[in-house]
Number of protein chains: 2
Amino acid sequence: MTRSSATAARLDSASGLVTTRERWPGDTLARVDQADRGNGPCGHCDLGTLAFCDGFARRTVTSLMRVQCTLRFEAHDTLFREGDTGVAVFNVVSGAVKVYKLMPDGRRQITGFFFRGDMFGFCLDGDYAYTAEAVTPLSVCRLPMQRLHELSETAPEVQHRILLRMTAKLAQFHDHVLLLGRKTARERVATFLLALSERARRRGDPASPIPLAMGRVDIADYVGLTVETVSRTMTAFKREGLIDLPSPNHVAIPDTQALRAASDGSA
Amino acid sequence: MTRSSATAARLDSASGLVTTRERWPGDTLARVDQADRGNGPCGHCDLGTLAFCDGFARRTVTSLMRVQCTLRFEAHDTLFREGDTGVAVFNVVSGAVKVYKLMPDGRRQITGFFFRGDMFGFCLDGDYAYTAEAVTPLSVCRLPMQRLHELSETAPEVQHRILLRMTAKLAQFHDHVLLLGRKTARERVATFLLALSERARRRGDPASPIPLAMGRVDIADYVGLTVETVSRTMTAFKREGLIDLPSPNHVAIPDTQALRAASDGSA
DNA sequence: CGACCCCTTGAGACCTATCAACACAAGTGG
DNA sequence: CCACTTGTGTTGATAGGTCTCAAGGGGTCG
């Protein structure tokens with residue numbers, strides 16, 4: 001699994017020594033076996049229609065191929081830290097990522113989870129406002145922000161897609177702010193599970209038995225609760241038949257409408 | 001103050017009958033007296049360096065002038081509602097705007113305040129994810145999103161500035177999510193006041209005696225607390241000398257560092 | 001002057017956090 | 001193979017921060 005090269009990439013990134021030098025498969029920092037290369041538009045991944053470059057003109061795809069590269073990480077690896085100079089955006093090819101902010105006393109708030117097809121790390125002449133960490137073994141497609149920006153000057157389609165992703169992210173934030181500011185513990189957990197389910201559906205995975213890539217602590221730090229409250233709430237949901245827990249890391253939603261009702265207090 | 005035309009614009013916008021037809025000063029829907037026109041790059045406002053079009057090439061500014069128009073609203077007027085088709089972005093020329101989401105049972109979460117120079121309403125082929133309402137008498141510069149997008153294909157500077165605004169907004173959201181998910185009541189109020197102060201400073205206003213354009217209820221709905229808690233907290237801050245309240249709507253910050261310490265629990 | 005709105009203050013209730021303990025699975029090393 | 005450790009999830013008892021409910025003060029405006 002190209003373990004050693006993945007380590008090199010991780011160290012490079014985690015140490016803040018990210019340069020603007022272009023890298024691509026074959027580069028010592030991010031070697032990707034030929035077998036790992038997918039059948040997507042750019043040949044870097046197999047995201048299909050989820051790929052950032054899906055549907056772009058061949059010329060554009062070619063340009064993107066030159067500047068992007070695939071990187072691999074293990075769970076708990078740090079991709080970049082809050083305060084690092086932001087030089088690239090990432091597309092998740094496989095696995096899951098969490099991004100979070102820390103307070104001086106150690107309190108943590110996870111501000112987002114990213115799965116296959118999701119894009120994160122937007123940053124324009126400035127530092128990353130958060131830390132990004134692999135939740136599971138991870139494969140990401142890395143695009144230098146500057147190059148992406150330059151490319152978008154001649155390829156409006158690229159620019160439009162970036163704007164689409166960012167507006168979608170902004171809308172997500174509005175929802176999450178509502179969750180954190182005004183929802184009860186039950187509503188938060190229900191909303192979280194529904195959102196996971198909906199996102200799974202949108203990327204073509206089954207909407208109901210959903211795998212929980214993250215642990216209870218991460219869920220708690222995302223919805224602004226404690227582990228205990230999350231655990232108690234999920235147990236309560238199971239007792240009430242709102243969800244099923246075949247294993248601690250798998251959630252089935254027998255009745256979406258019922259869970260939805262629990263997610264905004266209309267239950 | 002062009003009351004009747006402002007009413008017309010409001011009704012048009014609030015009723016969801018926003019069209020993509022270009023409008024400009026002189027248009028019956030958005031008449032702006034000549035005296036109201038500023039000395040900014042486009043002649044629509046006097047935002048100076050805060051203006052969206054500041055620093056753009058003359059050709060770009062001219063293009064922008066053709067598609068943008070200035071609108072006026074009174075406090076409590078609704079600019080657009082959650083679910084309305086998103087067709088335009090707005091720049092605040094004077095006054096303040098709040099955007100919020102409502103839950104079925106009436107709970108409200110304000111997700112943002114916007115002041116002079118701030119831009120809001122980003123929306124690409126989709127509906128607004130929130131409602132926008134004037135907090136004070138308001139003057140905004142309206143730019144059709146579609147036109148802005150078209151223009152940005154030939155004027156990369158426009159596109160870059162949009163990206164800048166959106167990444168800045170994303171960073172703000174990360175901070176606000178941390179506030180809502182992990183901060184105590186004291187920390188929330190302190191953070192809020194500091195952010196107001198900082199934003200005032202950045203747009204060239206004094207950082208310390210800051211006017212509170214919004215009431216306690218709005219503050220509470222923004223920081224995820226109740227009015228009572230906000231009021232109690234501010235009273236406590238005043239008692240402790242962290243802030244001064246010459247009037248309920250004016251806050252002086254004698255010691256920024258002390259308030260900052262209170263904003264992240266390092267006090 | 002009275003109605004209304006906003007802000008403030010007080011007392012008690014409630015939801016969630018905190019602290020503590022236990023179950024269970026997966027390593028790890030003797 | 002077992003003892004031990006570690007990590008994760010669950011459950012219980014208690015405490016505490018914030019909400020809820022209630023009332024009063026001060027300003028504005030008709």
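Here is the naming used below: chain letters follow the sequence lines, and residue numbers restart at 1 for every chain. FYI, side chains are in, hydrogens and waters are out, and symmetry mates aren't considered; it's all heavy atoms of this structure.
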Nucleotide nearest Leu225(B) (side chain, heavy atoms from C-beta), chosen from dT9(C), dC19(D), dA17(C): dC19(D)
Residue whose closest nucleotide on DNA chain D lies nearer the 5' end, Thr226(B) versus Leu245(A): Leu245(A)
Most 5' of Glu228(B) and Arg186(A) on DNA chain C, judged by nearest nucleotide: Glu228(B)
Can you give me every donor-acceptor pair (side chain of residues 248-257 of chain B, partner residue at least two apart or in another chain, under 3.5 Å) with its distance?
| from | atom 1 | to | atom 2 | distance (Å) |
| --- | --- | --- | --- | --- |
| Asp255(B) | OD1 | Gln257(B) | N | 3.1 |
| Asp255(B) | OD1 | Ala258(B) | N | 3.2 |

hbond_proxy Arg232(B) side chain to dT20(D) base (donor-acceptor, 3.5 Å cutoff): yes
5′-ward residue of the pair Met214(A)/Lys183(B) relative to DNA chain D: Met214(A)
Candidates dT20(D), dG12(D), dT10(D) - which lies nearest the side chain of Arg216(A): dT10(D)
Closest nucleotide among dA17(C), dT11(D), dT8(C) to the Ser231(A) side chain: dT11(D)
Distance below 4.0 Å between Thr229(B) side-chain N/O and dC19(D) OP1 or OP2: yes
Closest listed nucleotide, where the reference is the side chain of Thr235(A) and the choices are dT11(D), dC7(C), dT16(C): dT11(D)
Parallel, tilted or perpendicular, as decided by the 30° and 60° cut-offs, for the rings of Phe173(B) and His174(A): perpendicular
Nearest to side-chain heavy atoms of Pro248(B), which nucleotide of dC7(C), dC19(D), dT10(D): dC7(C)
Value in whole Å for how far the P atom of dT16(C) lies from CZ of Arg107(A): 19 Å
Asp118(B) and Arg199(B) ion-paired at < 4.0 Å: yes
Phe113(B) and Phe115(B) aromatic ring geometry - parallel, tilted or perpendicular at 30°/60° bounds: parallel
